[in-house]
Number of protein chains: 2
Amino acid sequence: MLHEEVVGRIRAILLEGEIPPGARIPERELCDRLQISRTPLREALKVLAAEGLVQLLPHRGSRAAKLTDKDMRDLFEVCQGLEALAGELACERITDAEIDEIAAAHAEMVQHYREGDLIQYYRGNRAIHEAIVTAAGNPVLTGLYASVTARIRRARYVTPMTPQRWARAVQEHEAILNALQRRDGVGLSHILRAHLRHKREEVLQAGFAETEGSEPTLRIA
Amino acid sequence: MLHEEVVGRIRAILLEGEIPPGARIPERELCDRLQISRTPLREALKVLAAEGLVQLLPHRGSRAAKLTDKDMRDLFEVCQGLEALAGELACERITDAEIDEIAAAHAEMVQHYREGDLIQYYRGNRAIHEAIVTAAGNPVLTGLYASVTARIRRARYVTPMTPQRWARAVQEHEAILNALQRRDGVGLSHILRAHLRHKREEVLQAGFAETEGSEPTLRIA
DNA sequence: ATCCCAAATTTTGCATTCAAAAATGTAAAA
DNA sequence: TTTTACATTTTTGAATGCAAAATTTGGGAT
């Protein structure tokens, strides 16, 4: 199946930031690179446009979606809502085994925190949030969440992670795990919202890399 | 722009139920009907597949997405979450003018209820929910909501609307309007969730039209 | 009569081709 | 020197063509 493959690869290229936000996407160049003709490429671009990663301009080609501050705020809001929903549902459905897995991932993440390994910390952090969404057992939710987080990650923003913020984030994660273990859906929902609200505030305060030139010091993956 | 046009028309055909869930979508036939070649048609089908209205089977063509009971439950859950989020956000941002508009739409809907005009009642009901989502002022949310509700509407389910259920729905709508006017985001969020949960229970209890033969007595729009 | 397998037909997936629109470059006039 | 009009080039959007895969059809064996 060429089509899916192509969508995935272009998505990766966009998430990787190889084509910066707002930049034109040269069809021919991508065709040469992916060794395909324009037909499947254009199909893939249409799909990615539907996902919000690409914007199509009539007779003027496609560009990598450019996210404004407002777009980021909107995405974070929705992400928050989806995570809160996921938390509630997860508490109703999560198995003990799944909780154990998340607890293990949490412990690992805390270890990275102690070691000061921000990259690995972020990786673990993301894994935990995705595990919670998965535990909600709702593929529709999983799909929308993936789409929204992809778009957020697309904006290679930089957060100046201060010790205070990091410590608070870890504390919040302790609370998240705790609520999960108690299967306190409402509580988890509130914690998750606050957690993401804090992150959003940090991001929007710091601004994020919108321009092509500015190289991010750290990409949150 | 041919592409957008085509996506819209096929989406309409699917929502209209002309191609029943699970049925094959004959490319050639649609091409003849829409007077286009296969290229833009296939691009449109890919987009609709990304939206979840169409499912593509490798080398076996595309089918109108078939929704299982589980799918419906998942969609309702997410819809609930999105509406609850929209309610909270709307309360923070809605203008007096927008509230007045919704109040007017509400009064109109109640009038249809009194007249026993279920079709018009549903139309007004949908308009109100969409207005609340719009009032949230979050295009990302609006887009996801549109996608989810389209998929729900796609399943032409039938709800035996009893007088009791109808009365409760109207009561809940009174409460929704009330919370909006008081700009009570948390309250509105809870009411909206309960509102949709009730609807979901009705729908899932009744089952929905999955087979081609069964003609729905009433399509919830 | 039923089942199974192979040939023919249809349909799908992708490449190529063609026409139209936009971008670019050039030259002439103000 | 700047601006505008025009021609050329590039790129996009859609149609067509072609090979591979799947479905259908027909014939033979059980």
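Residue numbers begin at 1 in each chain, while the letters A, B, ... track the order of the sequences. Below, all heavy atoms of this structure are taken into account, side chains as well, without hydrogens, waters or symmetry copies.
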Open item on the list: I'd like to know if Arg193(B) and Glu77(B) make a salt bridge, using a cut-off of under 4.0 Å between side-chain N and carboxylate O.
Closed with: no
TODO: To the nearest Å, give me how far apart CG (Leu41(B)) and P (dG13(D)) are.
DONE: 17 Å
TODO: Classify the ring geometry between Trp166(A) and Tyr121(A) as parallel (under 30°), tilted (30 to 60°) or perpendicular (over 60°).
DONE: perpendicular
- [ ] Specify the residue among Thr39(A) and His59(A) whose closest nucleotide of DNA chain C lies further upstream toward the 5′ end.
- [x] Thr39(A)
Open item on the list: For a quick test of reading the model: is some side-chain N or O of Arg38(A) closer than 4.0 Å to OP1 or OP2 of dT16(C)?
Closed with: no
Task: Distance in angstrom units between His3(A) NE2 and dA15(C) P, rounded - done: 14 Å
Task: Rounded distance in Å - CZ (Arg28(A)) to C1' (dT11(D)) - done: 9 Å
Task: Whole-Å distance separating the NZ atom of Lys46(B) from the C1' atom of dT12(C) - done: 9 Å
Task: Electrostatic pair Arg33(A)-Glu29(A), nearest N-O below 4.0 angstrom - done: no
Open item on the list: If the cut-off is 4.0 Å, is Arg42(B) near the phosphate of dG13(D), judged by side-chain N/O to OP1 or OP2?
Closed with: no
Open item on the list: Here's a test of your reading of the structure: between Arg60(A) and Ser37(A), which maps to the more 5' nucleotide of DNA chain C?
Closed with: Ser37(A)
- [ ] Write down the distance between CD (Glu5(A)) and P (dC14(C)), rounded to a whole number of angstrom.
- [x] 11 Å
Open item on the list: Can you measure Leu56(B) atom CG to dT11(C) atom P for me and round it to whole angstrom units?
Closed with: 18 Å
- [ ] Starting from P on dT11(C), measure out to CD1 on Ile25(B) and report it in whole angstrom.
- [x] 15 Å
Task: Spacing between Asp32(B) atom CG and dT11(C) atom C1', to the nearest angstrom - done: 14 Å
Open item on the list: Salt bridge check, Asp69(B) against Arg73(B): does any charged N sit closer than 4.0 Å to a carboxylate O?
Closed with: no
